[in-house]
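First up is the structure itself, then whatever we jot down about it.
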Amino acid sequence: MPELPEVECVRRGLARADLDGKAIDAVWRSSHALRTGAFWRDEGLHWLEGAHTVRFDRRGKFLLWVLRSADDVPLQAVIHLGMTGRVTVLAADAPLLPHTHLVVKLRGGPQLHYSDPRRFGGVHVDTVAALESAGPVAELGPEPLGRGFNGTVLHERGRRSKRAIRDVLLDQKVVAGLGNIYVSEALFVAGIPPLAPAAELHMSAWDRLGVAVREVLRQGLRNGGTTLRDYRGTSGERGRNQNALKVYGRAGQPCPSCGASLHGYVHGGRSGVMCRRCQPARRRR
DNA sequence: CAAGAATCCTGAATGC
DNA sequence: TGCATTCAGGATTCTT
């Protein structure tokens with residue numbers, strides 16, 4: 001499941017593909033619906049025709065394709081990869097990947113394909129002006145790898161919550177870009193039990209968490225993202241961070257720190273992994 | 001307001 | 001071997 005490091009790797013792949021300034025010649029859309037709802041619509045897709053790429057940005061788990069329309073209006077294609085979404089840069093004559101839902105043909109040859117077997121992802125094109133005032137990107141919390149993010153920021157945004165700290169970290173309005181994998185990893189690194197109520201954490205725990213969140217995300221980035229099953233980069237390449245995960249996906253295996261058997265759990269319909277000895281409800285003094 | 005469940009979806013993994 | 005069932009989960013929406 002793509003989280004911040006995976007989406008950032010996709011962004012970097014697109015930035016390296018040298019697409020800036022290339023105009024869009026054609027847009028093809030499959031008949032299968034992608035994510036729908038109050039925000040996600042197909043209506044803006046036609047704006048892509050004739051637009052050209054300015055750059056690729058990212059906010060949390062959202063990939064932002066920054067464009068300028070044919071009549072010079074600033075646009076963004078907001079792309080969420082959901083669970084199985086992939087953005088692939090392909091040559092002009094490349095065949096469609098399975099479950100391709102959007103193909104954008106650029107002048108001079110290259111194509112961008114959006115494929116997504118489970119269709120939990122979405123693509124939404126709108127003016128920058130509209131996107132700044134409404135929609136999921138407008139409501140995101142701070143970037144965990146951004147300047148000034150630390151335990152104090154997390155504490156400020158989460159300390160009043162009675163929810164489990166793991167649920168607070170998964171809340172994109174609290175901090176943008178974390179999912180199941182990196183939350184499990186960060187809580188392990190910080191030595192905090194996932195189900196501890198956020199309001200009961202000491203400041204020292206928030207500080208450790210602020211450091212740990214950045215550490216695990218940076219490691220994910222360095223390793224080209226985590227490919228447990230579906231994630232691929234813009235050339236179809238797998239990440240390598242799955243080999244570096246300390247706890248996620250390793251339930252039943254020995255804790256890399258103390259050797260105790262790692263504990264898999266489900267909470268709020270989402271699974272996680274922890275070490276009961278290294279992440280005790282009450283910390284040893 | 002918050003916690004939990006249902007919803008969307010397909011392919012891989014598991015069960016018999 | 002083959003068919004049926006289960007599971008996976010990000011974000012939203014509904015229910016309690």
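Only heavy atoms go into these numbers, but all of them, side chains included; no hydrogens, no water, no symmetry mates. Each chain gets a letter, A, B and so on, in the order the sequences are listed, and its residues count up from 1. Keep in mind that this is a model prediction, so the values were computed, not measured.
Between A:Q172 and the phosphate of C:dG10, there is no side-chain N or O to OP1/OP2 separation shorter than 4.0 Å. Regarding contacts with the backbone of C:dA11, a side-chain N or O of A:K61 is found under 4.0 angstrom from either OP1 or OP2.
Within 4.0 Å of A:R119, counting heavy atoms only, lie sugar-phosphate atoms of the nucleic acid but no base atom.
Atom-to-atom, CD of A:E6 to P of C:dG10 comes out at 11 Å; the value is rounded to the nearest Å. Straight-line distance from the OH atom of A:Y231 to the C1' atom of C:dG9: 18 Å, rounded to whole Å. Counting to the nearest Å, the C1' atom of C:dA11 and the CG atom of A:D167 are 13 Å from each other. Between the OH atom of A:Y182 and the P atom of C:dG9 there is a distance of 15 Å, given to the nearest Å. The CG-P distance, from A:L81 to C:dG10, rounds to 12 Å in whole Å. The distance from atom NE2 of A:H267 to atom P of C:dG10 is 15 Å, rounded to the nearest whole Å.
Both geometric conditions, a ring-centre gap below 5.5 Å and a plane tilt below 30°, are fulfilled for A:F120 over the base of C:dG10.
Taking the side chain to side chain donor-acceptor pair (under 3.5 Å) definition, one finds that A:W65 meets it with A:T53, sequence neighbours left out. Not counting sequence neighbours, A:Y231 has no partner by the ring-ring contact (aromatic ring centres under 6.0 Å, His included) test. Listed by chain and residue number, A:Q111 satisfy the side chain to side chain donor-acceptor pair (under 3.5 Å) test with A:H113 (two or more places apart in sequence, or in another chain).
Applying the salt bridge (Lys or Arg N to Asp or Glu O under 4.0 Å) rule to pairs touching residues 217-226 of chain A yields nothing, sequence neighbours excluded. Applying the side chain to side chain donor-acceptor pair (under 3.5 Å) test to pairs two or more places apart or on separate chains, those with a residue in residues 92-104 of chain A are A:S30-A:H101. For residues 114-138 of chain A, the pairs satisfying salt bridge (Lys or Arg N to Asp or Glu O under 4.0 Å) are A:R118-A:D230, with sequence neighbours left out. Within the structure, salt bridge (Lys or Arg N to Asp or Glu O under 4.0 Å) pairs that include any residue of residues 50-79 of chain A comprise A:E8-A:R58, A:R55-A:D57, A:R58-A:E143, A:R59-A:E143, A:R68-A:D72 (at least two apart or interchain).
Atom-to-atom distance recorded for A:T152:OG1 and A:M203:CE is 4.0 Å, nearest 0.5 angstrom.
Contact detail for A:N180 and A:S271: the closest heavy-atom pair is ND2-O, 2.9 Å.
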N/O-N/O pairs, protein side and nucleotides 5-8 of chain C side, under 3.5 Å:
from  : atom 1 : to     : atom 2 : distance (Å)
C:dA8 : N3     : A:R118 : NH1    : 3.1

Listed pairs, N/O of protein and of nucleotides 14-16 of chain C, under 3.5 Å:
none

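With A:L75 as the fixed residue, the side chain to side chain contact (heavy atoms under 4.5 Å, CB included) test singles out one of A:L67, A:L131, A:V54, A:V128: A:L67. With A:R166 as the fixed residue, the side chain to side chain contact (heavy atoms under 4.5 Å, CB included) test singles out one of A:D171, A:L187, A:L178: A:L187.
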Solution key, residues 245-259 of chain A side-chain donor-acceptor pairs under 3.5 Å, sequence neighbours excluded:
from   : atom 1 : to     : atom 2 : distance (Å)
A:R250 : NE     : A:L245 : O      : 2.7
A:R250 : NH2    : A:Q242 : O      : 3.0
A:R250 : NH2    : A:L245 : O      : 3.2

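Remark: A:H46 NE2 is packed, more than 12 non-hydrogen atoms of other residues, nucleotides or ligands lying under 6.0 Å away.
For the pair A:T227 and A:R232, the minimum side-chain heavy-atom distance is below 4.5 Å.
Interface limits on DNA chain B: the 5'-most and 3'-most nucleotides within less than 4.0 Å of chain A heavy atoms are B:dA3 to B:dG11.
Annotation: the terminal axes of the helix from B:dA2-C:dT16 to B:dC16-C:dG2 meet at 60°, where each axis is the rotation carrying the C1' atoms of four end pairs onto the next four (5 pairs per end, rounded to 10°).
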